[in-house]
Engineer: 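Below you'll find the structure I mean.
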Number of protein chains: 2
Amino acid sequence: MSKTTADLLQGTLSVLILKTLTWGPRHGYAIARMIEDTTDDTLLIEEGSLYPALYRMERRGWIEAEWGTSELNRKAKFYRLTSAGRAQLRAEIAQWRRFSVAVEKVLATA
Amino acid sequence: MSKTTADLLQGTLSVLILKTLTWGPRHGYAIARMIEDTTDDTLLIEEGSLYPALYRMERRGWIEAEWGTSELNRKAKFYRLTSAGRAQLRAEIAQWRRFSVAVEKVLATA
DNA sequence: TAAGCTTACCTTGACATTCTAGGTATCAAG
DNA sequence: CTTGATACCTAGAATGTCAAGGTAAGCTTA
């Protein structure tokens with residue numbers, strides 16, 4: 001099963017990133033590590049998915065970027081939530097729950 | 001996510017179809033209606049997604065088709081699960097649960 | 001001081017899936 | 001005989017993810 005779409009369901013990456021940023025500004029690499037750690041590597045965040053997602057979200061005004069220095073003294077771009085991003089997060093969480101409840105309804109039928 | 005609050009997450013349509021077919025052979029239109037009814041229209045199955053999905057699944061040997069007559073006396077193509085489809089269903093359910101548990105872990109963090 | 005590992009970012013192109021928006025045909029009901 | 005529901009089908013666009021590359025700088029260790 002598969003090469004594609006097995007690791008992440010399309011559409012969930014943004015909610016994961018937004019939620020991660022509620023803990024405070026983070027750079028991309030750290031966001032990926034946090035999600036992987038939290039899920040015991042069930043969700044693997046590929047960099048080829050991560051960075052394009054960050055650009056999309058920035059373009060849509062959900063997050064803002066600023067260059068800085070990482071904890072390990074490397075150049076890093078720190079993202080933080082905007083208020084639009086916070087609203088988007090609320091919407092996406094609600095959407096996710098509605099959706100997963102609905103899927104469970106189908107899967108749970110005897 | 002897109003304008004309709006009800007679109008599917010990529011990768012979930014097949015598990016929904018497979019599960020629906022455990023109730024017995026169904027034609028495409030009936031599969032869509034069942035999923036929509038079960039979820040109170042939270043999950044809307046577009047025909048442009050449904051029929052291509054059925055072909056993919058048939059090509060992969062998860063389901064088999066046979067022309068027949070619907071309850072309302074119309075020509076209809078009835079699909080039924082193969083044993084490969086049953087195995088696929090088990091795998092996809094397991095995958096879905098692992099995935100949704102992982103997403104919840106991220107979203108649930110205080 | 002060089003090699004190698006890790007951190008950190010970025011991009012291109014392929015790929016799968018879903019949606020939009022059409023279309024056909026049949027049957028039942030008004 | 002027109003309308004609405006049933007039932008199938010398809011082309012093309014849009015979207016998002018992944019694979020697979022790449023750059024560069026800091027740390028470690030030999």
Side-chain angles (χ1 to χ4, degrees), chain A residues 1-18 25-37 43-60 62-63 65-79 92 95 99 103, chain B residues 1-18 25-37 43-60 62-63 65-79 92 95 99 103:
Chain A
M1 170 159 88
S2 345
K3 43 293 302 293
T4 312
T5 309
D7 290 0
L8 224 51
L9 289 187
Q10 205 160 317
T12 51
L13 182 53
S14 65
V15 75
L16 296 170
I17 293 173
L18 290 169
R26 293 281 189 285
H27 53 82
Y29 197 80
I31 292 170
R33 293 296 81 74
M34 276 194 75
I35 294 173
E36 293 179 353
D37 288 352
L43 305 181
L44 298 177
I45 310 303
E46 303 295 334
E47 301 197 351
S49 310
L50 174 68
Y51 292 109
L54 289 170
Y55 302 146
R56 278 198 300 276
M57 296 167 70
E58 189 179 10
R59 178 160 30 86
R60 292 171 187 173
W62 304 344
I63 59 178
E66 195 180 2
W67 283 98
T69 305
S70 78
E71 318 73 52
L72 294 170
N73 206 37
R74 279 181 190 76
K75 198 174 49 130
K77 204 193 253 178
F78 285 78
Y79 290 93
E92 290 196 15
Q95 164 88 7
F99 182 86
V103 171
Chain B
M1 313 208 170
S2 57
K3 69 297 278 302
T4 53
T5 57
D7 48 2
L8 292 170
L9 289 188
Q10 204 162 318
T12 51
L13 182 52
S14 64
V15 75
L16 297 170
I17 293 174
L18 290 169
R26 292 281 188 284
H27 53 82
Y29 197 79
I31 292 170
R33 292 296 81 74
M34 277 194 74
I35 294 172
E36 292 177 353
D37 288 352
L43 305 181
L44 298 177
I45 310 302
E46 302 296 333
E47 302 196 351
S49 310
L50 174 68
Y51 293 108
L54 289 170
Y55 301 146
R56 279 197 301 276
M57 295 167 70
E58 189 179 10
R59 179 161 29 87
R60 291 170 187 174
W62 304 343
I63 59 179
E66 194 179 3
W67 282 97
T69 306
S70 79
E71 317 74 51
L72 294 171
N73 206 37
R74 280 182 190 76
K75 201 172 49 132
K77 203 192 253 179
F78 286 79
Y79 291 92
E92 290 195 16
Q95 165 87 9
F99 181 86
V103 171

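Below, chains carry the letters A, B, ... as their sequence lines are ordered, and counting in each starts from 1.
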Engineer: If you round to the nearest 0.5 Å, how far is CD1 of A/I17 from CE of A/M57?
Structural biologist: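 Going from the CE atom of A/M57 to the CD1 atom of A/I17 covers 5.0 Å.
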
Engineer: Please list every donor-acceptor pair under 3.5 Å in which a side-chain atom of residues 66-77 of chain B meets a protein atom from a residue at least two apart or in another chain.
Structural biologist:
| residue | atom | partner | partner atom | Å |
| --- | --- | --- | --- | --- |
| B/S70 | OG | B/L72 | N | 3.1 |
| B/S70 | OG | B/N73 | N | 3.4 |
| B/S70 | OG | B/R74 | N | 3.1 |
| B/S70 | OG | B/R74 | O | 3.4 |

Engineer: Expressed as a whole number of angstroms, how long is the span from A/R60:CZ to D/dA14:P?
Structural biologist: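 It works out to 14 Å between those atoms.
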
Engineer: Of all the heavy-atom pairs spanning B/L13 and B/S49, show the shortest one and how long it is.
Structural biologist: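 Here B/L13 and B/S49 meet closest at CD2-O, 3.6 Å.
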
Engineer: Please assess B/E46 against B/L8 for the test side chain to side chain contact (heavy atoms under 4.5 Å, CB included), listing each intermediate value before the final yes or no.
Structural biologist: CA-CA 10 Å; B/E46 302 296 333; B/L8 292 170; over 6 Å; no

Engineer: May I have the distance from B/L8 (atom CG) to D/dG16 (atom P), rounded to whole angstrom?
Structural biologist: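 In whole Å, D/dG16 P and B/L8 CG are 15 Å from each other.
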
Engineer: To the nearest angstrom, how far is A/R59 atom CZ from D/dT15 atom C1'?
Structural biologist: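 About 11 Å, once rounded to whole Å.
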
Engineer: Under the side chain to side chain contact (heavy atoms under 4.5 Å, CB included) rule, what do A/R56 and A/W62 come out as? Steps first, then yes or no, please.
Structural biologist: CA-CA 9 Å; A/R56 278 198 300 276; A/W62 304 344; over 6 Å; no

Engineer: Here's a test of your reading of the structure: between A/R33 and B/T12, which maps to the more 5' nucleotide of DNA chain C?
Structural biologist: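 The answer here is A/R33.
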
Engineer: Nearest heavy atom decides the nucleotide; on that basis, is A/L72 or A/E46 closer to the 5' end of DNA chain D?
Structural biologist: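 Going by which nucleotide is closer to the 5' end, it is A/E46.
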
Engineer: Would you mind reading off the distance between A/L13 atom CG and D/dC18 atom C1', rounded to a whole angstrom?
Structural biologist: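 Taking CG of A/L13 and C1' of D/dC18, I get 12 Å after rounding.
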
Engineer: With sequence neighbours left out, write down each residue that passes salt bridge (charged side-chain N to carboxylate O under 4.0 Å, His left out) with B/E36, or none if nothing qualifies.
Structural biologist: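 Partners of B/E36 by the salt bridge (charged side-chain N to carboxylate O under 4.0 Å, His left out) criterion, ordered by chain and then number, come out as B/R33.
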
Engineer: Checking side chain to side chain contact (heavy atoms under 4.5 Å, CB included) for the pair A/T12/B/L9: CA distance, chi angles, key distance, verdict?
Structural biologist: CA-CA 8 Å; A/T12 51; B/L9 289 188; 3.8 Å; yes

Engineer: In whole angstroms, how far is the P atom of D/dA7 from the CD1 atom of B/I45?
Structural biologist: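 About 16 Å, once rounded to whole Å.
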
Engineer: Does a nitrogen or oxygen in the side chain of A/S70 sit under 4.0 Å from OP1 or OP2 of C/dA8?
Structural biologist: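 So the side-chain polar atoms of A/S70 do come within 4.0 Å of the phosphate oxygens OP1 or OP2 of C/dA8, strictly under.
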
Engineer: Does A/R56 place a side-chain N or O at less than 4.0 Å from the phosphate oxygens OP1/OP2 of D/dG16?
Structural biologist: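 Yes, A/R56 has a side-chain N/O under 4.0 Å of OP1/OP2 on D/dG16.
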
Engineer: D/dT6 C1' sits how many Å from B/I31 CD1, rounded?
Structural biologist: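 Computing the B/I31:CD1 to D/dT6:C1' distance gives 15 Å.
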
Engineer: Quick one: which protein N/O atoms are closer than 3.5 Å to N/O atoms of nucleotides 9-12 of chain C? Pair and distance per line, please.
Structural biologist:
| residue | atom | partner | partner atom | Å |
| --- | --- | --- | --- | --- |
| C/dC9 | OP1 | A/K77 | N | 2.9 |
| C/dC9 | OP1 | A/K77 | O | 3.3 |
| C/dC9 | OP2 | A/G28 | N | 3.3 |
| C/dC9 | OP2 | A/Y29 | N | 2.6 |
| C/dC9 | OP2 | A/Y51 | OH | 3.0 |
| C/dC9 | N4 | A/E47 | OE1 | 2.5 |
| C/dC10 | OP1 | A/K77 | NZ | 3.0 |
| C/dC10 | OP2 | A/Y55 | OH | 2.7 |
| C/dC10 | O5' | A/Y55 | OH | 2.8 |
| C/dC10 | N4 | A/E47 | OE1 | 3.3 |

Engineer: Rounded to whole angstroms, how far apart are CZ on B/R26 and C1' on D/dA7?
Structural biologist: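 Rounded to whole Å, this separation is 16 Å.
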
Engineer: Tell whether A/Q10 reaches the base of D/dT17 with its side chain through a donor-acceptor pair below 3.5 angstrom.
Structural biologist: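 Donor-acceptor pair under 3.5 Å: no.
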
Engineer: Rounded to the nearest angstrom, tell me the gap between atom CZ in A/R74 and atom C1' in D/dT23.
Structural biologist: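 A/R74 atom CZ is separated from D/dT23 atom C1' by 14 Å.
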
